[in-house]
**Q** 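What follows is a structure written as structure tokens; I'll ask about it next.
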Amino acid sequence: MPELPEVEATRRGLDPSVRGRRVTAVRVRERRLRWPVPERLERELPGTVLAGAERRAKYLLLPAGPGTVLVHLGMSGSLRRLPDDTPIGPHDHVDLALDDGHLLRLRDPRRFGAVMWVTGDPSLDPRLAHLGPEPLSEAFDGAYLHAVSRGRRARVKSLLMDGTVVVGVGNIYASEALFAAGVHPHRAAGRVGRERCDRLAAAVKEVLAAAIEHGGTTLRDYAGIDGRPGGNAVRLAVYGRSGEPCLRCGASVRLTRRDARATYHCPGCQR
DNA sequence: CCTCCCCCCTGCGCGC
DNA sequence: TGCGCGCAGGGGGGAG
């Protein structure tokens, strides 16, 4: 999926095209996403005006009248802005038709994504309420990372991917940030010292910010709202490069698996 | 509380 | 060519 940079790239594309637009229709062709698409979405969203596009963690938030549309792209989701009459393709599960002759269309082959309708303060929604800080905010830094990781025996990579610790860092960018900081992904989180926490927090920010700049990473399904793939894949230093030489020291990039999830690291650079 | 494991789902690339 | 298997960017839930 889309990790934070891909969701943020989507948000940036979305914001100007939804701001002030009235929703004219909601069409749900497949309700069985991660959570069932609520019927209230079709009842309450049409006729409202979208205020813009926001993001919290990997969720997109579209405030609309009395509520907020919550969209998650899961592993394989993409949200596109298309002309009204665009033919429906496979896995095109939900359309929000707007009053400018375009629609927002969610395509999600694996259906791990979600489209929800929440009323009231969205930050109180159970999915958002317990999330950790945004990685690009000041709240996330080396001091914070050091404090929350004391006594933790889990791998530092797992900690980076734990949404209650910091949001938005998924499998690609966890590997990339750990490489950039020279920290071994399997090291116990509690045994990463203060200075290396500083480096790691800085690396997370740099890796994510650069990926946003480049429109996100497309491995397979991800596309921006204009349908174009992101340009960050060629910039990945270790992810997907097992057996190839490390760009810094030339050692062979190693692949390890946990739970059918890949981790890439350089045995020469990362301790 | 923390950590690990499994699951949800579809498609694709690989080896046989 | 066809088939079975493993794997893919997320994250919730439950067992221990």
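Since we're looking at a predicted model, the values are computed, not measured. Residue numbers start from 1 in every chain, and the chains themselves are labelled A, B, ... in the order their sequence lines are given, proteins ahead of strands.
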**Q** What's the CG-P distance between A:N171 and C:dA8, to the nearest Å?
**A** 8 Å
**Q** Among all residues two or more places apart in sequence or in another chain, which pass the ring pair (Phe, Tyr, Trp, His ring centres under 6.0 Å) test with A:H91?
**A**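 Counting only residues at least two positions away or on another chain, A:H91 forms no ring pair (Phe, Tyr, Trp, His ring centres under 6.0 Å).
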**Q** For A:D226, what residues pass the side-chain hydrogen bond (donor to acceptor under 3.5 Å, both in side chains) criterion, not counting sequence neighbours?
**A** none
**Q** For A:V118, run the side-chain contact (heavy atoms from CB on, under 4.5 Å) check against A:T68, A:L124, A:L61 and tell me which one passes.
**A**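 So the option named by the test is A:T68.
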**Q** Among residues at least two apart in sequence or on other chains, which ones pass side-chain hydrogen bond (donor to acceptor under 3.5 Å, both in side chains) with A:R196?
**A** none
**Q** Using a 4.0 Å heavy-atom cut-off, does A:D108 contact any base of the nucleic acid, only the sugar-phosphate backbone, or nothing at all?
**A**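 Result for A:D108 = nothing.
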**Q** Rounded off to whole Å, could you give me the NZ-to-P distance for the A:K157 and C:dG11 pair?
**A** 13 Å
**Q** Tell me every residue that passes ring pair (Phe, Tyr, Trp, His ring centres under 6.0 Å) with A:H265, counting only those two or more places apart in sequence or in another chain.
**A** A:H184
**Q** Side chains of A:L14 and A:L62: closer than 4.5 Å at any heavy-atom pair?
**A**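 Yes - at least one pair of side-chain heavy atoms lies under 4.5 Å apart.
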**Q** Given C:dC7, is OP1 or OP2 found less than 4.0 Å from the side-chain N or O atoms of A:R257?
**A** yes
**Q** Grab the N/O contacts between the protein and nucleotides 3-5 of chain B below 3.5 Å, and write none if there aren't any.
**A**
from	atom 1	to	atom 2	distance (Å)
B:dT3	OP1	A:R153	N	2.7
B:dT3	OP1	A:A154	N	3.1
B:dT3	OP2	A:R152	NE	2.7
B:dT3	OP2	A:R152	NH2	3.0

**Q** Among residues at least two apart in sequence or on other chains, which ones pass ring pair (Phe, Tyr, Trp, His ring centres under 6.0 Å) with A:H214?
**A**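 With sequence neighbours excluded, A:H214 shows a ring pair (Phe, Tyr, Trp, His ring centres under 6.0 Å) to no residue whatsoever.
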**Q** Taking CG from A:D162 and P from C:dG12, how many angstroms apart are they, rounded to a whole number?
**A**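 About 10 Å, once rounded to whole Å.
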**Q** Please report the distance, rounded to the nearest Å, between CG in A:L131 and P in C:dG12.
**A** 8 Å
**Q** Starting at atom CZ of A:R55, determine the distance to atom P of C:dG10, rounded to an integer number of angstrom.
**A**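 Going from CZ in A:R55 over to P in C:dG10 covers 14 Å.
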**Q** C:dG11 base stacked by A:F112? Criteria: ring centres under 5.5 Å, plane angle under 30°.
**A**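 Check failed, A:F112 does not stack on base of C:dG11.
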**Q** Think A:R11 forms a cation-pi with A:Y59, using NZ or CZ under 6.0 Å from the six-ring centre and within 45 degrees of its axis?
**A**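 No - A:R11 does not lie over the ring of A:Y59 by the 6.0 Å and 45° rule.
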**Q** Rounded off to whole Å, could you give me the CZ-to-P distance for the A:R34 and B:dC6 pair?
**A**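 These atoms are roughly 17 Å apart.
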**Q** Heavy-atom contacts under 4.0 Å between residues 227-243 of chain A and DNA chain C, which residues?
**A**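 Those residues are A:Y239.
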**Q** Taking a pair as Watson-Crick (N1 to N3 plus N6-O4 or O6-N4) or G-U wobble (N1-O2 and O6-N3), both under 3.5 Å, which stems of 3 or more consecutive pairs involve DNA chain C?
**A** B:2-8 with C:10-16, B:10-16 with C:2-8
**Q** Is it true that a side-chain atom of A:S76 and a backbone atom of A:R110 form a donor plus acceptor pair closer than 3.5 Å?
**A**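 Side chain of A:S76 to backbone of A:R110, a donor-acceptor pair under 3.5 Å: yes, one is there.
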**Q** Show me the pairs that pass salt bridge (charged side-chain N to carboxylate O under 4.0 Å, His left out) and involve residues 111-133 of chain A, at least two apart or across chains.
**A**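 Matches after skipping sequence neighbours: A:D125-A:R127.
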**Q** In whole Å, measure the gap between the P atoms of C:dC3 and B:dC9 for me.
**A**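 It comes out at 23 Å once rounded to the nearest Å.
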**Q** Whole angstrom is fine here: how far is it from NE2 in A:H130 over to C1' in B:dC1?
**A**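 After rounding, the gap between these two atoms is 14 Å.
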**Q** Please enumerate all residues that pass side chain to side chain contact (heavy atoms under 4.5 Å, CB included) together with A:D92, with sequence neighbours excluded.
**A**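 Side chain to side chain contact (heavy atoms under 4.5 Å, CB included) check on A:D92 returns A:R29, A:I88, A:R105, A:R107.
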**Q** Side chains of A:S17 and A:H102: do they bring a donor and an acceptor to under 3.5 Å?
**A** no
**Q** Can you give the donor-acceptor pairs under 3.5 Å from side chains of residues 159-175 of chain A to other protein atoms, not counting sequence neighbours?
**A**
from	atom 1	to	atom 2	distance (Å)
A:D162	OD1	A:T164	N	2.8
A:D162	OD1	A:T164	OG1	2.8
A:D162	OD2	A:T164	OG1	3.4
A:N171	OD1	A:K157	NZ	2.5
A:N171	ND2	A:A262	O	2.9
A:Y173	OH	A:E6	OE2	2.5
A:Y173	OH	A:T217	OG1	2.6
A:S175	OG	A:Y264	N	3.3

**Q** Please state how far atom CG in A:L33 lies from atom P in B:dC9, giving the value in whole angstrom units.
**A**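 A:L33 atom CG is separated from B:dC9 atom P by 12 Å.
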**Q** Considering only nitrogen or oxygen atoms on both sides, find all protein atoms under 3.5 Å from nucleotides 10-14 of chain B and state each distance.
**A**
from	atom 1	to	atom 2	distance (Å)
B:dT10	OP1	A:R111	NH2	2.8
B:dT10	O4'	A:P109	O	3.3
B:dG11	OP1	A:H91	NE2	2.8
B:dC12	O3'	A:R220	NH2	3.4

**Q** Does a side-chain heavy-atom distance below 4.5 Å link A:P38 with A:M116?
**A** yes
